[in-house]
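Note sheet for the following structure.
Note: hydrogens, waters and symmetry copies are ignored here, and every other heavy atom, side chains too, is used. Each ligand, and each atom within it, is numbered from 1 in the order the structure gives. Residues take their numbers from the sequence shown, with the count starting at 1.
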Amino acid sequence: MAQQKLWWQHGIIYQIYPRSFHDTNADGIGDLPGIIQHLDYLQDLGVDGIWLSPINPSPDRDFGYDVSDYNAIDPKFGTMQDFDTLLTEAHQRGIHIILDLVLNHTSDLHPWFQESLKSRENPYHDWYLWHDPAPDGDYPNNWISIFGGPAWEYNRELNQYYYHMFTPQQPDLNWRNPQVRQEMLDIFRFWLDRGVDGFRLDVFNEYFKDKDFRNNPRKPGIHLLPFDRYEHIYDTSQPEMFPLLKEIRGIVDSYPERYVVGETFLADAVHARLYIGPDLLHAGFDYGYAKSPWGARSFGNAIAFWDALHGEEAWPNYFLNNHDTPRSSVRYVTGENDARLKLLAGMHLTVRGTPYLYYGEEIGMRDTRYRRRELQDPVGKRYWPLNKGRDGCRSPMQWDASPHAGFSSAQPWLRSNPDYPQRNVQAQSEDPHSLYHFYKQLIQLRRENPALYAGALDLLPLENELVLVYKRTAAEQQALIALNFSNREQEVSVPAPEAKVPENESQAWQLLFAGNDLVNSTFSEGNVHLPPYGVAILIA
Ligand code: NOJ
């Protein structure tokens, strides 16, 4: 009997940055009909869920992460009817839809904030974090915005400051106000009633700040960015988040098989894990794995740590890419060779947990290098050239070799990567040795083999510093995965599979997956032989 796992546990979740996926109305911006057109592609790839970066109306000061209406669809992406069609069509293909809820802050153009600006007496004034200046006219405290500058923006008419962790156009909500809390919880119900399968909560542990707005203490040492000069103990991660998460989970659980995953902010893995539990989040993100240096030992340690933190009670998830980070294809690779990306895929799709993929990861899309005047991201605009921002990993999806990579018939909001005539979905689907086929084959094997989608994880001691080996054990099947992190051939011996009940029944490993290149992994007499960056999966 296969171990029962929920869709988000055994499945694979694919993140779409809607602006950049497919534009059907020639405005240079991706849209919902564009996603609908590619649902067959995603089904064929083997995806179980899609996380959509925000699709609510937004003035785009932070591209959707500044919402001006939570219960609507941004017209640049389509209509509510398009959304309902997307849901129906996705569900028909067994694909779940997860929405990104950005509830820490709104856009400054949200009607609530516009009301709150009108007067101190306005009923919406207390929906945001307004504060009087310090007695000397200075900022209310020493809090700093992660996007640069003080976290306080002055308003002359009110002679008050409002607080924003991100850009000044993203004022933080006052979650201690009961009406705000009620309104926010209703947003969950609104989308659950429409049939969405889950939510990704943007910076959820940022919702509450210290109620006395105490100054953050200074951090020892020398730090380049002012934000890093403080311990962020008062402007984030307050204990009030736990009862709130319980309430959110209660709402989500009142609908069948829904899922809520959280993005923790300024928190390490141990802290992120605290928010996951049977009455808290189903899962959470942590950067430990995505930020691992290259190598069998460092990835092994990152996985061992995150896996152990979850234990049997929780189910980890893993991502190598998202809309905030340079792609793994440029973090770990220089040049066009995809061998290292195949190795990463071999690991990513076989560890215990939910793998998240980011659009274009399956074809190894590289970050696009934009010139300063081409930048869109507020982070890049502010910090260039120290930090070039996040546009690079948000360039248009590369579908084919036609103009603008088949993304749009018009000039895209961000220019396509010039490598698109060679690197695109069509070209890779015609090449059986491509990264795309590597992903597809592994996803298929993962779907068919309970050890891979449900098994417990055991990392084996490193016999060879360059090869990561682990076992996955489910009730009815075992798998052994060997991953060569080096550019030379490697051989490792592997332990025999555990004996099955009844005892003494002899068991032997079978080579399930050896790669899709001309030279692939082999297995004989208890030894796995791996080509450079080779992957081998054995099952018994
Ligand atoms: C985290 C999101 O991932 C990021 O893209 C965004 O800029 C901030 N939250 C603010 O919403």
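- Listed by number with element, the atoms of ligand 1 under 4.0 angstrom from any heavy atom of His105 are 10 (C), 11 (O).
- Checking Tyr234, Tyr139, Trp143, Phe213 one by one against Tyr163, the ring-ring contact (aromatic ring centres under 6.0 Å, His included) holds for a single residue, Trp143.
- The closest side-chain donor-acceptor pair between Asp197 and His91 falls under 3.5 angstrom.
- Ligand 1 lies nowhere less than 4.0 angstrom from a heavy atom belonging to Arg61.
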Practice problem: Go through the steps to decide whether Arg189 and Asp186 satisfy the test salt bridge (charged side-chain N to carboxylate O under 4.0 Å, His left out), and finish with yes or no. | Solution: CA-CA 5 Å; Arg189 295 191 186 93; Asp186 284 345; 2.7 Å; yes

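- Here the protein heavy atom with the shortest distance to atom 11 (O) of ligand 1 is Asp202 OD2, 2.8 Å.
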Quiz item: Step by step, would you call Glu240 with Lys211 a salt bridge (charged side-chain N to carboxylate O under 4.0 Å, His left out)?
Solution: CA-CA 10 Å; Glu240 288 85 342; Lys211 64 176 174 0; over 6 Å; no

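- You'll find the ring centres of Phe204 and Phe199 outside the 6.0 Å limit.
- Contacts of Met165 with ligand 1, taken as heavy-atom pairs under 4.0 Å, are absent altogether.
- Checked by atom type, the side-chain pair Tyr358/Ser328 shows no donor-acceptor distance below 3.5 Å.
- Each of the atoms 1 (C), 9 (N) of ligand 1 lies under 4.0 Å from some heavy atom of Val203.
- Protein heavy atom in closest approach to atom 6 (C) of ligand 1: Asp62 OD2, 3.3 Å.
- Side chains of Tyr41 and Glu362: a donor on one and an acceptor on the other come within 3.5 Å.
- Heavy-atom contacts of Asp324 reach the following atoms of ligand 1: 2 (C), 3 (O), 4 (C), 5 (O) (cutoff under 4.0 Å).
- Those atoms of ligand 1 that come under 4.0 Å of a heavy atom in Arg390, given as number and element, are 4 (C), 5 (O), 6 (C), 7 (O).
- If you look at Phe147 next to ligand 1, the close heavy atoms, those under 4.0 Å, all belong to the side chain.
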